[in-house]
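This report concerns only the one structure given below.
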Protein chains: 2
Amino acid sequence: MERNEIDDSALELIASRFRLLAEPMRLKILHVLGDGEMNVGELVAATGANQANVSKHLGILLDAGVVSRRKDGLRSNYSVTDESIFALCDVVCSRLERQLDLHREALATIRQT
Amino acid sequence: MERNEIDDSALELIASRFRLLAEPMRLKILHVLGDGEMNVGELVAATGANQANVSKHLGILLDAGVVSRRKDGLRSNYSVTDESIFALCDVVCSRLERQLDLHREALATIRQT
DNA sequence: TGACTATATCACTATATCGTTATATAGTCA
DNA sequence: TGACTATATAACGATATAGTGATATAGTCA
């Protein structure tokens, strides 16, 4: 492997991590789970989504190792184990806010000329 | 809007930011652009991808405000304007490395028992 | 045991988007 | 002007995946 060349499988790995967060519903689930452990029923109520859909997304997050599952009788309790998720969202939010600020400034500048 | 409820359009905005980085080819282009401004031909050579494909991805990155374009005659020179991209990749890479370490440790533990 | 409940999974449709070929656009230079 | 070049765009097939209704699975409790 050449220096400064990037391994395609590494790229795919990184991309798949971002793909995980590229769905609004998964972001919503993770945000809700930020308050602490919750079972599927509670998540369905909190997100307003279909039970099958919530379960599917939880399965995807579980496979990726972002959340963990604690079974208790009929219930499945999920919680976030990968806190770096929140760091990523913070970076994105800050950047988006800054971008909006810049646009606002640009508009103001145009108006006053 | 309720407190602690998240606006769906905000979720979509954040998700779209992650979606931008959820493609190996775009990550490759951004990584190459990390070394400095480059035109499309150079990027085609550096990535080994099809010209139409590189142009399309550059267009997407441009629309998102992640890169900027400086036209010079026939050439289009692109450069990264949103450095937060690299911060995001760093967080993901660190986390992936850590996850691999944990798996390695787990395997080692099993072996020695 | 049998009715009931919570969750996971299956099968399916709808949609988004990647990569590609062909072509349009626009700048350069003889 | 006309041939040539660099980039952007259009059109299209292939693939991935989100959301949904139906159903399987497995635990609970009378």
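Every chain is numbered from 1, with letters handed out A, B, ... down the list of sequences.
In this structure, CG of A:Asp63 is placed 12 Å from P of C:dA8, rounded to the nearest angstrom. Summarising the geometry, the separation between CG on B:Asn39 and P on C:dG27 is reported as 16 Å, rounded to the nearest angstrom. Distance CG (A:Asp72) to C1' (D:dA26): 14 Å, rounded to an integer number of Å. Between the NZ atom of A:Lys28 and the C1' atom of D:dG19 there is a distance of 14 Å, rounded to whole Å. A straight line from CG of A:Leu43 to P of D:dG19 spans 15 Å, rounded to a whole angstrom. Rounded to whole Å, atom P of D:dT7 lies 14 Å from atom CG of B:Leu62. If you measure from atom CZ of B:Arg70 to atom P of D:dT7, you get 12 Å, rounded to the nearest angstrom. Atom CG of A:Leu21 is separated from atom P of D:dA18 by 12 Å (rounded to the nearest Å).
Side-chain atoms of A:Arg26 come within 3.5 Å of backbone N or O of A:Leu20 as a donor-acceptor pair. Here the side chain of B:Arg19 pairs a donor or acceptor atom with the backbone of A:Ala22 at under 3.5 angstrom. Although no hydrogens or angles enter the test, the distance criterion places no donor-acceptor pair under 3.5 Å between the side chain of B:Ser76 and the main chain of B:Val40.
One finds no side-chain N or O of B:Arg69 lying less than 4.0 angstrom from the OP1 or OP2 phosphate oxygen of D:dT7. Put simply, A:Tyr78 has a side-chain N or O that comes within less than 4.0 Å of OP1 or OP2 on C:dA8.
A:Ile14 and B:Cys93 get closest at one heavy-atom pair: CD1-SG, 3.6 Å.
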Pairs under 3.5 angstrom, nitrogen or oxygen only, protein versus nucleotides 15-21 of chain C, please.
residue: C:dC18; atom: OP1; partner: B:Arg26; partner atom: NH1; Å: 3.2
residue: C:dC18; atom: OP1; partner: B:Arg26; partner atom: NH2; Å: 3.2
residue: C:dG19; atom: OP2; partner: B:Asn53; partner atom: OD1; Å: 3.2
residue: C:dG19; atom: OP2; partner: B:Asn53; partner atom: ND2; Å: 3.0
residue: C:dG19; atom: OP2; partner: B:His57; partner atom: NE2; Å: 2.6
residue: C:dG19; atom: O5'; partner: B:Asn53; partner atom: ND2; Å: 3.3
residue: C:dG19; atom: N7; partner: B:Lys56; partner atom: NZ; Å: 3.1
residue: C:dG19; atom: O6; partner: B:Lys56; partner atom: NZ; Å: 2.8

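For A:Gln51 against C:dA8, a side-chain N or O and a base N or O form a donor-acceptor pair under 3.5 Å.
With a cut-off of 3.5 Å on both Watson-Crick or G-U wobble distances, the partner of C:dA6 is given as D:dT25. In this entry C:dA30 has D:dT1 as its Watson-Crick or G-U wobble partner, both defining distances falling under 3.5 Å.
Across all strands, A:Ser76 comes closer than 4.0 Å only to sugar-phosphate atoms, never to a base (heavy-atom distances).
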Item to check | side-chain contact (heavy atoms from CB on, under 4.5 Å) between B:Tyr78 and B:Leu61, intermediate numbers included | outcome: CA-CA 10 Å; B:Tyr78 288 87; B:Leu61 293 170; over 6 Å; no

Next on the checklist: Between B:Leu33 and B:Met38, does the side-chain contact (heavy atoms from CB on, under 4.5 Å) criterion hold? Intermediate values first, please.
Outcome noted: CA-CA 7 Å; B:Leu33 279 181; B:Met38 274 196 180; 3.8 Å; yes

Next on the checklist: For a side-chain hydrogen bond (donor to acceptor under 3.5 Å, both in side chains) check, start with the C-alpha distance between A:Ser55 and A:Gln51, then their side-chain angles and the critical distance, and finish with the verdict.
Outcome noted: CA-CA 6 Å; A:Ser55 274; A:Gln51 180 265 317; 3.1 Å; yes

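With DNA chain D read from its 5' end, the first of the two nearest nucleotides for A:Leu74 and B:Arg75 is the one closest to B:Arg75.
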